[in-house]
Amino acid sequence: MDLIIVGDIARDVNIFTRASGLHDIVEGNGGACYYAAAGASRYDKVGVVSKVGADFDMSVLDSFGIDHKGVQVVDGLTTRFYQHFTSVD
């Protein structure tokens with residue numbers, strides 16, 4: 001292992017509100033640990049230490065070649081971060 005990253009692995013829920021009042025909701029993986037590990041995995045062997053809910057798809061980490069033996073899976077949902085963006089279009 002060249003690099004171990006400790007931090008949040010979460011789900012990002014991005015809400016985009018248009019001037020018309022319509023909403024687009026985009027949900028994806030997120031958290032500082034996830035983003036750092038995904039980027040670093042292009043250059044080094046990476047492992048992560050974090051906690052996720054039973055709903056998190058660990059195959060996403062596998063697809064980047066990220067070692068997730070340090071990830072604890074707990075009952076319930078993975079932490080969600082909500083961001084709300086408004087547009088004047």
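Small disclaimer: the values here were computed from a predicted structure and weren't measured.
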Subject >> ILVMFWY network linking Phe56 to Val49, side-chain heavy atoms under 4.5 angstrom >> reply: no

Subject >> Side chain Ser50, main chain Gly7, donor-acceptor under 3.5 Å >> reply: yes

**OP:** Any chance you could lay out the side-chain contact (heavy atoms from CB on, under 4.5 Å) test for Asn14 and Phe85, step after step, and finish with the verdict?
**Re:** CA-CA 7 Å; Asn14 298 301; Phe85 303 92; 3.7 Å; yes

Original post:
Quick one: are Asp67 and Lys45 in side-chain contact, heavy atoms under 4.5 Å?
Top reply: no

Original post:
Taking only residues two or more places apart in sequence, or in another chain, which ones meet Asp24 in a salt bridge (charged side-chain N to carboxylate O under 4.0 Å, His left out)?
Top reply: Arg18

Original post:
Do you reckon Ile66 sits in the same ILVMFWY cluster as Val73, going by side-chain contacts under 4.5 Å, direct or chained?
Top reply: yes

Subject >> Separation between CD1 of Ile4 and NZ of Lys69, rounded to the nearest 0.5 Å >> reply: 10.0 Å

Pair up each side-chain donor or acceptor in residues 28-35 with any protein partner under 3.5 Å, not counting sequence neighbours, and list the distances.
from: Asn29; atom 1: OD1; to: Arg11; atom 2: NH1; distance (Å): 2.7
from: Tyr35; atom 1: OH; to: Asp12; atom 2: OD2; distance (Å): 2.7
from: Tyr35; atom 1: OH; to: Asn29; atom 2: O; distance (Å): 3.3

Original post:
Shortest non-hydrogen contact from Ala10 to Phe81?
Top reply: CB-CE1, 3.3 Å

Subject >> Val46 to Ile5 - nearest heavy-atom pair and separation >> reply: CG1-CD1, 4.0 Å

**OP:** Calculate, to the nearest 0.5 Å, the distance between atoms CD1 and CZ belonging to Ile25 and Phe16 respectively.
**Re:** 10.5 Å

Original post:
Which atom names give the shortest non-hydrogen contact between Leu3 and Ala40, and what distance separates them?
Top reply: CD2-CB, 3.6 Å

Original post:
Is there a path of hydrophobic side-chain contacts, each under 4.5 Å between heavy atoms of I, L, V, M, F, W or Y residues, that connects Val71 with Val74?
Top reply: no

**OP:** Flag yes if Val52 and Val60 sit in one hydrophobic cluster, no otherwise; membership is Ile, Leu, Val, Met, Phe, Trp, Tyr, and two members link when side-chain heavy atoms are under 4.5 Å apart.
**Re:** yes

Original post:
Hey, what do you get for OH (Tyr82) to CD (Glu27), rounding to the nearest 0.5 Å?
Top reply: 7.0 Å

Original post:
To the nearest 0.5 Å, how far apart are CZ in Arg80 and CG in Asp55?
Top reply: 4.5 Å

Subject >> Note, Val48 side chain near Ile9 side chain (heavy atom, < 4.5 Å) >> reply: yes

